[in-house]
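Here is how names work: the chains are called A, B, and so on, in the same order as the sequence lines, proteins then strands, and each is numbered from 1.
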Number of protein chains: 2
Amino acid sequence: MELTIASWNVNSIRARLSHVLTWLDDRKPDVLLLQETKVENGLFPREPFEERGMHVLASGQKALNGVAVVSRHHPELLGETLSSGFLADQRRVLRVRIMGITLMDVYVPNGGDTSGERFADKLRFLEELAREAGLSSQERYMLMAGDFNVAPGEDDVTDAKVMDGRLCFHPEERTRFESILRTGLTDLFRAFNPDGKAYSWWDYREGSFRRNAGMRLDHILVSPALAAAARSCTIDREPRSWDRPSDHAPVSAVFELPAME
Amino acid sequence: MELTIASWNVNSIRARLSHVLTWLDDRKPDVLLLQETKVENGLFPREPFEERGMHVLASGQKALNGVAVVSRHHPELLGETLSSGFLADQRRVLRVRIMGITLMDVYVPNGGDTSGERFADKLRFLEELAREAGLSSQERYMLMAGDFNVAPGEDDVTDAKVMDGRLCFHPEERTRFESILRTGLTDLFRAFNPDGKAYSWWDYREGSFRRNAGMRLDHILVSPALAAAARSCTIDREPRSWDRPSDHAPVSAVFELPAME
DNA sequence: GCGCACTGCG
DNA sequence: CGCAGTGCGC
(Lines give C-alpha, C1' and ligand atoms only; values in the text may rest on other atoms or scores of the structure.)
Protein backbone atom coordinates (compact mmCIF):
# COMPACT_ATOMS: atom_id res chain seq x y z
CA MET A 1 0.00 0.00 0.00
CA GLU A 2 1.08 3.54 -0.71
CA LEU A 3 1.35 6.03 2.12
CA THR A 4 2.09 9.76 1.87
CA ILE A 5 3.41 11.53 4.94
CA ALA A 6 3.89 15.31 4.96
CA SER A 7 5.23 17.91 7.37
CA TRP A 8 4.40 21.61 7.40
CA ASN A 9 5.20 24.48 9.74
CA VAL A 10 2.02 26.49 9.16
CA ASN A 11 2.78 29.50 11.42
CA SER A 12 -0.70 29.46 13.03
CA ILE A 13 -3.26 26.87 11.99
CA ARG A 14 -6.05 29.41 12.42
CA ALA A 15 -4.41 32.00 10.18
CA ARG A 16 -3.50 29.30 7.64
CA LEU A 17 -6.59 27.09 7.74
CA SER A 18 -7.74 27.80 4.19
CA HIS A 19 -4.24 27.19 2.83
CA VAL A 20 -3.91 23.90 4.70
CA LEU A 21 -7.33 22.67 3.58
CA THR A 22 -6.72 23.66 -0.04
CA TRP A 23 -3.39 21.86 0.02
CA LEU A 24 -4.84 18.83 1.81
CA ASP A 25 -7.69 18.53 -0.70
CA ASP A 26 -5.24 18.74 -3.56
CA ARG A 27 -2.39 16.53 -2.32
CA LYS A 28 -4.35 14.19 -0.10
CA PRO A 29 -1.53 13.04 2.19
CA ASP A 30 -2.38 10.19 4.58
CA VAL A 31 -0.57 11.91 7.42
CA LEU A 32 0.14 15.61 7.87
CA LEU A 33 2.44 16.67 10.69
CA LEU A 34 1.93 20.32 11.62
CA GLN A 35 4.17 22.68 13.56
CA GLU A 36 3.63 26.15 15.01
CA THR A 37 -0.11 25.69 15.25
CA LYS A 38 -0.10 28.49 17.86
CA VAL A 39 -3.40 27.48 19.39
CA GLU A 40 -4.67 25.73 22.49
CA ASN A 41 -6.24 22.31 21.90
CA GLY A 42 -9.77 23.54 22.62
CA LEU A 43 -9.51 26.16 19.87
CA PHE A 44 -7.88 23.91 17.26
CA PRO A 45 -10.16 23.87 14.17
CA ARG A 46 -10.81 20.12 14.16
CA GLU A 47 -14.10 20.09 12.24
CA PRO A 48 -12.83 20.88 8.72
CA PHE A 49 -10.34 18.02 9.03
CA GLU A 50 -12.86 15.61 10.50
CA GLU A 51 -15.32 16.49 7.72
CA ARG A 52 -12.60 15.26 5.35
CA GLY A 53 -12.37 11.96 7.18
CA MET A 54 -9.13 12.85 8.97
CA HIS A 55 -8.32 12.31 12.64
CA VAL A 56 -6.73 15.16 14.59
CA LEU A 57 -4.33 14.95 17.52
CA ALA A 58 -3.27 18.37 18.75
CA SER A 59 -0.80 19.44 21.38
CA GLY A 60 -0.89 23.20 21.49
CA GLN A 61 -0.50 26.24 23.63
CA LYS A 62 -1.36 29.93 23.36
CA ALA A 63 0.48 32.09 20.82
CA LEU A 64 3.66 30.00 20.55
CA ASN A 65 4.75 26.54 19.44
CA GLY A 66 2.10 23.84 19.09
CA VAL A 67 2.18 20.65 17.04
CA ALA A 68 -0.59 18.47 15.59
CA VAL A 69 -1.04 15.27 13.63
CA VAL A 70 -3.77 15.04 11.00
CA SER A 71 -4.22 11.45 9.85
CA ARG A 72 -6.52 9.44 7.64
CA HIS A 73 -5.90 6.36 9.82
CA HIS A 74 -6.44 6.30 13.56
CA PRO A 75 -3.39 7.62 15.44
CA GLU A 76 -2.37 6.22 18.77
CA LEU A 77 -0.91 8.87 21.08
CA LEU A 78 2.50 7.84 22.47
CA GLY A 79 3.56 11.09 24.10
CA GLU A 80 3.60 14.88 23.98
CA THR A 81 7.15 15.49 25.17
CA LEU A 82 10.64 14.20 24.70
CA SER A 83 11.01 11.09 26.82
CA SER A 84 13.54 13.02 28.94
CA GLY A 85 10.95 15.69 29.63
CA PHE A 86 13.29 18.45 28.41
CA LEU A 87 11.36 21.68 27.66
CA ALA A 88 8.18 19.84 28.60
CA ASP A 89 6.42 23.16 29.23
CA GLN A 90 6.60 23.95 25.51
CA ARG A 91 4.40 22.10 23.03
CA ARG A 92 7.07 20.99 20.53
CA VAL A 93 6.73 17.22 20.28
CA LEU A 94 3.99 14.80 19.38
CA ARG A 95 4.77 11.07 19.26
CA VAL A 96 2.16 8.85 17.65
CA ARG A 97 1.78 5.42 16.09
CA ILE A 98 -0.14 5.15 12.85
CA MET A 99 -0.50 1.93 10.83
CA GLY A 100 2.46 0.40 12.63
CA ILE A 101 4.73 3.39 12.04
CA THR A 102 6.16 5.34 14.94
CA LEU A 103 6.04 9.03 14.06
CA MET A 104 7.58 11.93 15.89
CA ASP A 105 6.40 15.42 14.98
CA VAL A 106 8.99 17.94 16.17
CA TYR A 107 9.36 21.69 16.34
CA VAL A 108 12.92 22.48 17.38
CA PRO A 109 13.45 25.81 19.22
CA ASN A 110 14.55 28.60 16.90
CA GLY A 111 17.30 29.57 19.34
CA GLY A 112 17.02 33.35 19.35
CA ASP A 113 20.62 34.13 18.57
CA THR A 114 23.80 32.07 18.68
CA SER A 115 24.79 33.42 22.08
CA GLY A 116 22.57 33.02 25.06
CA GLU A 117 20.46 30.53 26.87
CA ARG A 118 17.87 29.91 24.17
CA PHE A 119 20.57 28.79 21.75
CA ALA A 120 21.90 26.42 24.42
CA ASP A 121 18.37 25.02 24.78
CA LYS A 122 18.20 24.50 21.02
CA LEU A 123 21.45 22.53 21.01
CA ARG A 124 20.28 20.48 23.97
CA PHE A 125 16.94 19.84 22.24
CA LEU A 126 18.76 18.55 19.16
CA GLU A 127 20.87 16.29 21.40
CA GLU A 128 17.68 14.98 22.94
CA LEU A 129 16.33 14.20 19.46
CA ALA A 130 19.43 12.08 18.78
CA ARG A 131 18.85 10.26 22.04
CA GLU A 132 15.19 9.85 21.15
CA ALA A 133 16.13 8.41 17.78
CA GLY A 134 18.50 6.02 19.54
CA LEU A 135 15.71 4.88 21.85
CA SER A 136 13.56 4.11 18.81
CA SER A 137 16.31 2.45 16.81
CA GLN A 138 14.82 -0.97 17.40
CA GLU A 139 11.60 0.17 15.68
CA ARG A 140 11.35 -1.07 12.12
CA TYR A 141 9.25 1.84 10.88
CA MET A 142 10.26 5.10 12.53
CA LEU A 143 9.86 8.59 11.13
CA MET A 144 10.90 11.87 12.76
CA ALA A 145 9.80 14.97 10.89
CA GLY A 146 9.16 18.62 11.41
CA ASP A 147 10.87 21.96 11.62
CA PHE A 148 14.39 21.28 12.91
CA ASN A 149 15.49 24.90 12.47
CA VAL A 150 18.79 23.58 11.12
CA ALA A 151 20.05 23.69 7.55
CA PRO A 152 22.30 20.64 7.65
CA GLY A 153 24.39 21.04 4.51
CA GLU A 154 25.98 23.64 2.29
CA ASP A 155 23.29 23.17 -0.34
CA ASP A 156 20.64 23.94 2.27
CA VAL A 157 21.55 27.64 2.35
CA THR A 158 22.13 30.20 -0.41
CA ASP A 159 25.78 30.88 0.43
CA ALA A 160 27.50 28.63 2.96
CA LYS A 161 30.41 31.03 3.44
CA VAL A 162 28.13 33.95 4.21
CA MET A 163 25.79 31.91 6.40
CA ASP A 164 28.48 30.04 8.33
CA GLY A 165 28.08 30.58 12.05
CA ARG A 166 24.65 32.18 11.69
CA LEU A 167 21.52 30.91 13.37
CA CYS A 168 20.28 27.66 11.78
CA PHE A 169 23.62 27.15 10.00
CA HIS A 170 25.98 27.25 12.95
CA PRO A 171 28.53 24.39 13.23
CA GLU A 172 27.20 23.48 16.68
CA GLU A 173 23.71 22.99 15.24
CA ARG A 174 24.87 21.11 12.16
CA THR A 175 27.01 18.77 14.25
CA ARG A 176 24.04 17.91 16.42
CA PHE A 177 21.84 17.35 13.38
CA GLU A 178 24.52 14.97 12.10
CA SER A 179 24.32 13.11 15.40
CA ILE A 180 20.64 12.51 14.83
CA LEU A 181 21.40 10.99 11.44
CA ARG A 182 24.21 8.93 12.93
CA THR A 183 21.64 6.96 14.92
CA GLY A 184 20.71 5.44 11.57
CA LEU A 185 18.10 7.85 10.23
CA THR A 186 18.08 9.06 6.64
CA ASP A 187 17.44 12.65 5.56
CA LEU A 188 14.94 11.58 2.95
CA PHE A 189 14.85 14.75 0.85
CA ARG A 190 18.64 14.67 0.50
CA ALA A 191 18.54 10.97 -0.30
CA PHE A 192 16.32 11.69 -3.29
CA ASN A 193 18.10 14.93 -4.16
CA PRO A 194 21.78 14.30 -3.46
CA ASP A 195 22.82 17.62 -4.88
CA GLY A 196 21.32 20.97 -5.75
CA LYS A 197 20.14 23.77 -3.53
CA ALA A 198 16.63 23.45 -2.15
CA TYR A 199 14.85 25.30 0.61
CA SER A 200 11.74 24.81 2.73
CA TRP A 201 11.71 28.21 4.47
CA TRP A 202 12.01 31.79 3.24
CA ASP A 203 11.94 34.80 5.55
CA TYR A 204 8.88 37.02 5.21
CA ARG A 205 11.17 40.03 4.96
CA GLU A 206 13.18 41.51 2.11
CA GLY A 207 11.38 39.57 -0.63
CA SER A 208 13.26 36.42 0.33
CA PHE A 209 10.94 34.07 -1.54
CA ARG A 210 11.00 36.15 -4.71
CA ARG A 211 14.82 36.11 -4.54
CA ASN A 212 14.75 32.42 -3.50
CA ALA A 213 16.91 33.29 -0.49
CA GLY A 214 15.87 30.53 1.89
CA MET A 215 17.04 27.62 3.99
CA ARG A 216 16.13 23.94 4.18
CA LEU A 217 14.96 23.66 7.77
CA ASP A 218 12.14 21.13 7.48
CA HIS A 219 13.11 17.50 7.29
CA ILE A 220 11.72 14.00 7.11
CA LEU A 221 14.12 11.57 8.78
CA VAL A 222 13.36 7.86 8.52
CA SER A 223 14.56 4.47 9.75
CA PRO A 224 16.32 2.15 7.25
CA ALA A 225 13.19 0.11 6.50
CA LEU A 226 11.25 3.28 5.73
CA ALA A 227 14.11 4.65 3.65
CA ALA A 228 13.99 1.47 1.61
CA ALA A 229 10.22 1.83 1.22
CA ALA A 230 10.41 5.47 0.16
CA ARG A 231 9.49 6.32 -3.42
CA SER A 232 9.88 10.12 -3.34
CA CYS A 233 10.49 13.11 -1.13
CA THR A 234 9.63 16.60 -2.30
CA ILE A 235 9.26 20.17 -1.09
CA ASP A 236 6.14 21.87 -2.41
CA ARG A 237 6.98 25.53 -2.92
CA GLU A 238 3.55 26.39 -4.29
CA PRO A 239 1.76 27.30 -1.03
CA ARG A 240 4.63 29.68 -0.21
CA SER A 241 3.55 31.71 -3.28
CA TRP A 242 -0.06 32.06 -2.12
CA ASP A 243 -1.51 35.15 -0.49
CA ARG A 244 -0.52 35.53 3.19
CA PRO A 245 1.45 32.29 3.29
CA SER A 246 3.30 30.46 6.01
CA ASP A 247 7.01 31.20 5.76
CA HIS A 248 7.57 27.42 5.45
CA ALA A 249 6.68 25.06 2.59
CA PRO A 250 5.37 21.53 3.14
CA VAL A 251 7.67 18.53 2.68
CA SER A 252 6.15 15.21 1.58
CA ALA A 253 7.35 11.63 1.29
CA VAL A 254 5.65 8.72 -0.45
CA PHE A 255 6.22 5.17 0.81
CA GLU A 256 5.31 1.81 -0.68
CA LEU A 257 4.71 -0.51 2.25
CA PRO A 258 3.50 -4.05 2.72
CA ALA A 259 -0.15 -4.07 3.81
CA MET A 260 -0.35 -3.68 7.60
CA GLU A 261 -3.13 -4.00 10.11
CA MET B 1 -26.27 69.99 -13.42
CA GLU B 2 -26.73 66.94 -11.23
CA LEU B 3 -24.51 66.47 -8.19
CA THR B 4 -24.37 63.45 -5.89
CA ILE B 5 -22.95 63.91 -2.42
CA ALA B 6 -22.42 60.95 -0.10
CA SER B 7 -21.24 60.37 3.46
CA TRP B 8 -19.78 57.16 4.90
CA ASN B 9 -18.19 56.24 8.21
CA VAL B 10 -15.82 53.59 6.89
CA ASN B 11 -14.21 52.49 10.20
CA SER B 12 -10.65 52.61 8.79
CA ILE B 13 -10.04 53.62 5.18
CA ARG B 14 -7.16 51.14 4.94
CA ALA B 15 -9.22 48.19 6.16
CA ARG B 16 -12.15 49.27 3.95
CA LEU B 17 -10.34 50.45 0.82
CA SER B 18 -11.65 47.73 -1.50
CA HIS B 19 -15.21 48.29 -0.27
CA VAL B 20 -14.97 52.03 -0.77
CA LEU B 21 -13.50 51.70 -4.26
CA THR B 22 -16.08 49.11 -5.31
CA TRP B 23 -18.86 51.35 -4.06
CA LEU B 24 -17.32 54.46 -5.65
CA ASP B 25 -16.97 52.74 -9.04
CA ASP B 26 -20.57 51.59 -8.88
CA ARG B 27 -22.32 54.68 -7.50
CA LYS B 28 -19.98 57.36 -8.81
CA PRO B 29 -20.80 60.13 -6.34
CA ASP B 30 -19.28 63.54 -7.09
CA VAL B 31 -18.36 64.05 -3.45
CA LEU B 32 -17.74 61.41 -0.79
CA LEU B 33 -17.33 62.54 2.80
CA LEU B 34 -15.55 59.94 4.91
CA GLN B 35 -15.37 59.53 8.68
CA GLU B 36 -13.26 57.34 10.95
CA THR B 37 -10.49 57.02 8.40
CA LYS B 38 -8.16 56.13 11.31
CA VAL B 39 -5.00 57.04 9.44
CA GLU B 40 -2.46 59.84 9.38
CA ASN B 41 -2.47 61.97 6.23
CA GLY B 42 0.83 60.57 4.99
CA LEU B 43 -0.54 57.02 5.04
CA PHE B 44 -3.93 57.84 3.48
CA PRO B 45 -4.30 55.71 0.29
CA ARG B 46 -4.69 58.64 -2.10
CA GLU B 47 -3.55 56.93 -5.31
CA PRO B 48 -6.57 54.70 -6.00
CA PHE B 49 -8.84 57.74 -5.70
CA GLU B 50 -6.60 59.95 -7.82
CA GLU B 51 -6.41 57.21 -10.47
CA ARG B 52 -10.20 57.55 -10.65
CA GLY B 53 -9.95 61.28 -11.23
CA MET B 54 -10.90 62.22 -7.68
CA HIS B 55 -9.23 64.79 -5.44
CA VAL B 56 -8.49 63.84 -1.84
CA LEU B 57 -8.37 66.10 1.20
CA ALA B 58 -7.57 64.16 4.37
CA SER B 59 -7.42 65.23 7.98
CA GLY B 60 -6.44 62.19 9.97
CA GLN B 61 -4.63 60.90 12.99
CA LYS B 62 -3.37 57.56 14.22
CA ALA B 63 -5.86 54.86 15.25
CA LEU B 64 -8.82 57.14 16.02
CA ASN B 65 -11.11 59.61 14.28
CA GLY B 66 -10.01 61.05 10.94
CA VAL B 67 -12.13 62.60 8.18
CA ALA B 68 -11.55 63.00 4.45
CA VAL B 69 -13.21 64.48 1.39
CA VAL B 70 -13.01 62.68 -1.94
CA SER B 71 -14.24 64.90 -4.75
CA ARG B 72 -14.45 64.89 -8.53
CA HIS B 73 -14.17 68.68 -8.55
CA HIS B 74 -11.37 70.61 -6.90
CA PRO B 75 -12.06 71.18 -3.19
CA GLU B 76 -10.95 74.35 -1.44
CA LEU B 77 -9.93 73.71 2.15
CA LEU B 78 -11.72 76.02 4.59
CA GLY B 79 -10.71 74.46 7.89
CA GLU B 80 -9.96 71.31 9.84
CA THR B 81 -11.63 72.21 13.12
CA LEU B 82 -14.76 73.78 14.47
CA SER B 83 -14.36 77.55 14.21
CA SER B 84 -14.38 77.66 18.04
CA GLY B 85 -11.45 75.27 18.14
CA PHE B 86 -13.30 72.87 20.47
CA LEU B 87 -11.67 69.40 20.51
CA ALA B 88 -9.16 70.71 17.97
CA ASP B 89 -6.72 67.94 18.92
CA GLN B 90 -9.10 65.37 17.42
CA ARG B 91 -9.54 65.10 13.67
CA ARG B 92 -13.34 65.23 13.46
CA VAL B 93 -14.10 68.12 11.12
CA LEU B 94 -13.25 69.03 7.54
CA ARG B 95 -14.73 72.18 6.02
CA VAL B 96 -14.39 72.57 2.27
CA ARG B 97 -15.90 74.48 -0.63
CA ILE B 98 -16.68 72.55 -3.80
CA MET B 99 -18.45 74.04 -6.82
CA GLY B 100 -19.80 76.91 -4.73
CA ILE B 101 -21.14 74.65 -2.01
CA THR B 102 -19.85 74.91 1.55
CA LEU B 103 -19.50 71.37 2.93
CA MET B 104 -18.78 70.31 6.47
CA ASP B 105 -17.71 66.72 7.06
CA VAL B 106 -18.26 65.85 10.72
CA TYR B 107 -17.57 62.95 13.03
CA VAL B 108 -19.30 63.63 16.33
CA PRO B 109 -17.76 62.01 19.43
CA ASN B 110 -19.45 58.74 20.38
CA GLY B 111 -19.62 59.83 23.99
CA GLY B 112 -18.54 56.68 25.81
CA ASP B 113 -21.51 56.43 28.12
CA THR B 114 -24.20 58.86 29.16
CA SER B 115 -22.40 59.79 32.37
CA GLY B 116 -18.96 61.22 32.35
CA GLU B 117 -16.79 63.76 30.66
CA ARG B 118 -16.81 62.26 27.19
CA PHE B 119 -20.60 62.48 27.04
CA ALA B 120 -20.37 66.13 28.10
CA ASP B 121 -17.88 66.68 25.25
CA LYS B 122 -20.32 65.07 22.82
CA LEU B 123 -23.13 67.40 23.90
CA ARG B 124 -20.83 70.39 23.65
CA PHE B 125 -19.66 69.26 20.21
CA LEU B 126 -23.29 69.08 19.03
CA GLU B 127 -23.88 72.58 20.42
CA GLU B 128 -20.85 73.77 18.50
CA LEU B 129 -22.31 72.28 15.32
CA ALA B 130 -25.49 74.32 15.82
CA ARG B 131 -23.34 77.41 16.28
CA GLU B 132 -21.35 76.48 13.19
CA ALA B 133 -24.58 76.08 11.20
CA GLY B 134 -25.67 79.48 12.46
CA LEU B 135 -22.39 81.04 11.29
CA SER B 136 -22.99 79.57 7.82
CA SER B 137 -26.67 80.47 7.65
CA GLN B 138 -25.97 83.25 5.18
CA GLU B 139 -24.46 80.70 2.76
CA ARG B 140 -26.90 79.78 -0.01
CA TYR B 141 -25.52 76.29 -0.50
CA MET B 142 -24.45 74.73 2.77
CA LEU B 143 -24.28 71.01 3.61
CA MET B 144 -23.25 69.43 6.88
CA ALA B 145 -22.95 65.66 6.79
CA GLY B 146 -21.31 62.79 8.58
CA ASP B 147 -21.67 60.55 11.58
CA PHE B 148 -23.55 62.56 14.22
CA ASN B 149 -23.81 59.62 16.62
CA VAL B 150 -27.38 60.70 17.32
CA ALA B 151 -30.59 58.99 16.25
CA PRO B 152 -32.85 62.03 16.16
CA GLY B 153 -36.33 60.49 16.02
CA GLU B 154 -38.34 57.54 17.23
CA ASP B 155 -38.19 55.93 13.78
CA ASP B 156 -34.40 56.11 13.90
CA VAL B 157 -34.17 53.31 16.48
CA THR B 158 -35.80 49.89 16.71
CA ASP B 159 -37.75 50.59 19.90
CA ALA B 160 -37.87 54.14 21.20
CA LYS B 161 -39.12 53.08 24.63
CA VAL B 162 -36.31 50.59 25.12
CA MET B 163 -33.64 52.92 23.71
CA ASP B 164 -34.79 56.06 25.53
CA GLY B 165 -31.95 57.49 27.59
CA ARG B 166 -29.32 55.26 26.00
CA LEU B 167 -26.24 56.49 24.19
CA CYS B 168 -27.14 58.04 20.81
CA PHE B 169 -30.83 58.25 21.75
CA HIS B 170 -30.60 60.26 24.94
CA PRO B 171 -32.92 63.28 25.25
CA GLU B 172 -29.92 65.57 25.78
CA GLU B 173 -28.43 64.46 22.47
CA ARG B 174 -31.70 64.59 20.55
CA THR B 175 -32.43 68.10 21.85
CA ARG B 176 -29.05 69.31 20.64
CA PHE B 177 -29.55 67.67 17.24
CA GLU B 178 -32.86 69.53 17.04
CA SER B 179 -30.98 72.78 17.73
CA ILE B 180 -28.83 72.15 14.69
CA LEU B 181 -31.93 71.75 12.54
CA ARG B 182 -33.47 74.87 14.09
CA THR B 183 -30.75 76.97 12.47
CA GLY B 184 -32.60 76.23 9.23
CA LEU B 185 -31.01 72.96 8.07
CA THR B 186 -33.07 70.07 6.75
CA ASP B 187 -32.50 66.42 7.64
CA LEU B 188 -32.62 65.33 4.01
CA PHE B 189 -33.18 61.61 4.51
CA ARG B 190 -36.21 62.32 6.73
CA ALA B 191 -37.47 64.91 4.26
CA PHE B 192 -37.64 62.25 1.56
CA ASN B 193 -38.75 59.51 3.96
CA PRO B 194 -41.11 61.20 6.41
CA ASP B 195 -42.01 57.97 8.07
CA GLY B 196 -40.75 54.43 8.40
CA LYS B 197 -37.83 53.06 10.32
CA ALA B 198 -34.46 53.29 8.62
CA TYR B 199 -30.95 52.85 9.93
CA SER B 200 -27.43 53.68 8.82
CA TRP B 201 -25.50 51.82 11.54
CA TRP B 202 -25.69 48.31 12.96
CA ASP B 203 -23.45 47.06 15.77
CA TYR B 204 -20.96 44.38 14.77
CA ARG B 205 -22.12 42.30 17.74
CA GLU B 206 -25.12 40.07 18.27
CA GLY B 207 -26.03 39.75 14.59
CA SER B 208 -27.47 43.27 14.64
CA PHE B 209 -27.52 43.68 10.86
CA ARG B 210 -29.15 40.30 10.31
CA ARG B 211 -31.82 41.27 12.85
CA ASN B 212 -31.94 44.82 11.42
CA ALA B 213 -31.35 46.19 14.91
CA GLY B 214 -29.67 49.48 14.05
CA MET B 215 -29.83 53.24 14.44
CA ARG B 216 -29.87 56.13 11.98
CA LEU B 217 -26.76 58.03 13.05
CA ASP B 218 -25.46 59.32 9.72
CA HIS B 219 -27.11 62.40 8.33
CA ILE B 220 -27.01 64.86 5.47
CA LEU B 221 -28.23 68.28 6.64
CA VAL B 222 -28.69 71.01 4.05
CA SER B 223 -29.53 74.69 3.73
CA PRO B 224 -32.96 75.67 2.27
CA ALA B 225 -31.62 76.24 -1.25
CA LEU B 226 -29.99 72.80 -1.27
CA ALA B 227 -33.11 71.21 0.20
CA ALA B 228 -35.08 72.72 -2.67
CA ALA B 229 -32.51 71.38 -5.15
CA ALA B 230 -32.50 67.87 -3.66
CA ARG B 231 -33.96 65.07 -5.76
CA SER B 232 -33.35 62.09 -3.46
CA CYS B 233 -31.67 60.97 -0.28
CA THR B 234 -31.01 57.28 0.36
CA ILE B 235 -29.17 54.92 2.67
CA ASP B 236 -27.37 52.15 0.80
CA ARG B 237 -27.47 49.08 3.02
CA GLU B 238 -25.69 46.89 0.50
CA PRO B 239 -22.06 47.47 1.59
CA ARG B 240 -23.06 46.59 5.15
CA SER B 241 -23.82 43.06 3.85
CA TRP B 242 -20.38 42.59 2.32
CA ASP B 243 -17.54 40.61 3.89
CA ARG B 244 -15.79 42.48 6.74
CA PRO B 245 -17.90 45.61 6.36
CA SER B 246 -17.89 48.96 8.09
CA ASP B 247 -20.59 49.04 10.76
CA HIS B 248 -22.04 52.10 8.96
CA ALA B 249 -23.80 52.31 5.57
CA PRO B 250 -23.27 55.22 3.16
CA VAL B 251 -25.93 57.92 2.82
CA SER B 252 -26.29 59.72 -0.52
CA ALA B 253 -28.14 62.75 -1.79
CA VAL B 254 -28.71 63.85 -5.38
CA PHE B 255 -29.10 67.55 -6.20
CA GLU B 256 -30.18 69.30 -9.38
CA LEU B 257 -28.33 72.61 -9.39
CA PRO B 258 -27.96 75.52 -11.80
CA ALA B 259 -24.59 75.30 -13.59
CA MET B 260 -21.89 76.91 -11.43
CA GLU B 261 -18.33 77.91 -12.07
C1' DG C 1 -17.16 42.33 16.84
C1' DC C 2 -13.82 44.65 14.62
C1' DG C 3 -10.66 48.15 14.07
C1' DC C 4 -6.09 50.35 15.92
C1' DA C 5 -1.67 50.57 18.91
C1' DC C 6 2.05 48.23 21.13
C1' DT C 7 5.22 44.31 22.29
C1' DG C 8 7.41 39.59 21.87
C1' DC C 9 8.77 36.08 18.91
C1' DG C 10 10.77 34.08 14.91
C1' DC D 1 6.98 40.58 7.80
C1' DG D 2 3.43 38.52 10.04
C1' DC D 3 1.88 35.90 13.66
C1' DA D 4 0.36 35.90 18.48
C1' DG D 5 -0.85 38.62 22.97
C1' DT D 6 -2.94 42.85 25.58
C1' DG D 7 -5.54 47.15 25.98
C1' DC D 8 -8.71 50.55 24.20
C1' DG D 9 -12.42 52.76 21.57
C1' DC D 10 -16.83 52.48 19.52
| Between B:Arg174 and B:Asp156, is there a side-chain N and carboxylate O pair less than 4.0 Å apart? |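 A salt bridge is absent here (no side-chain N lies under 4.0 Å from a carboxylate O).
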OP1 or OP2 of [N] less than 4.0 angstrom from a side-chain nitrogen or oxygen of [X], does that happen here?
X: B:Lys62; N: C:dC6; answer: yes
X: A:Arg16; N: D:dG2; answer: no
X: A:Arg244; N: D:dC3; answer: yes

| query | Ignoring hydrogens and geometry, is there a side-chain-to-backbone donor-acceptor pair from B:His219 to B:Leu221 under 3.5 Å? | reply |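 A pair under 3.5 Å: no.
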| request: Select base, sugar-phosphate, or nothing to describe what B:Arg92 touches, counting heavy atoms under 4.0 Å on all strands. | output: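 Sugar-phosphate only.
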| task | Select base, sugar-phosphate, or nothing to describe what A:Phe209 touches, counting heavy atoms under 4.0 Å on all strands. | result |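 If one applies the 4.0 Å heavy-atom cut-off, A:Phe209 turns out to touch nothing in the nucleic acid.
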| Of all the choices, D:dC3, C:dG3, C:dA5, which nucleotide is nearest to the side chain of B:Ser12 once you look at every atom? |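 So the nucleotide nearest the side chain must be C:dG3.
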| All salt bridge (charged side-chain N to carboxylate O under 4.0 Å, His left out) counterparts of B:Arg166, not counting sequence neighbours |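 Here no residue qualifies.
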| said: B:Arg27: which residues meet the salt bridge (charged side-chain N to carboxylate O under 4.0 Å, His left out) condition with it, sequence neighbours left out? | reply: B:Asp236, B:Glu238
| Between A:Arg14 and A:Gly207, which is nearer to the 5' end of DNA chain D once each is assigned its nearest nucleotide? |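 Whichever sits nearer the 5' end wins; that is A:Gly207.
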Send over the distance from [X] [atom1] to [N] [atom2], rounded to a whole Å.
X: B:Asn11; N: C:dC2; atom1: CG; atom2: P; value: 10 Å
X: A:Leu64; N: D:dA4; atom1: CG; atom2: P; value: 11 Å
X: A:Tyr107; N: C:dC9; atom1: OH; atom2: P; value: 12 Å
X: B:Tyr204; N: C:dC4; atom1: OH; atom2: P; value: 10 Å
X: A:Asn9; N: D:dG2; atom1: CG; atom2: C1'; value: 13 Å
X: B:Asn65; N: C:dG3; atom1: CG; atom2: P; value: 17 Å
X: A:Arg205; N: D:dG2; atom1: CZ; atom2: P; value: 11 Å
X: A:Gln61; N: D:dG5; atom1: CD; atom2: C1'; value: 13 Å

| Exceeds 12 heavy-atom contacts within 6.0 angstrom, atom CD of A:Glu206 |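 No, CD of A:Glu206 has 12 or fewer neighbouring heavy atoms, counting only those of other groups under 6.0 Å.
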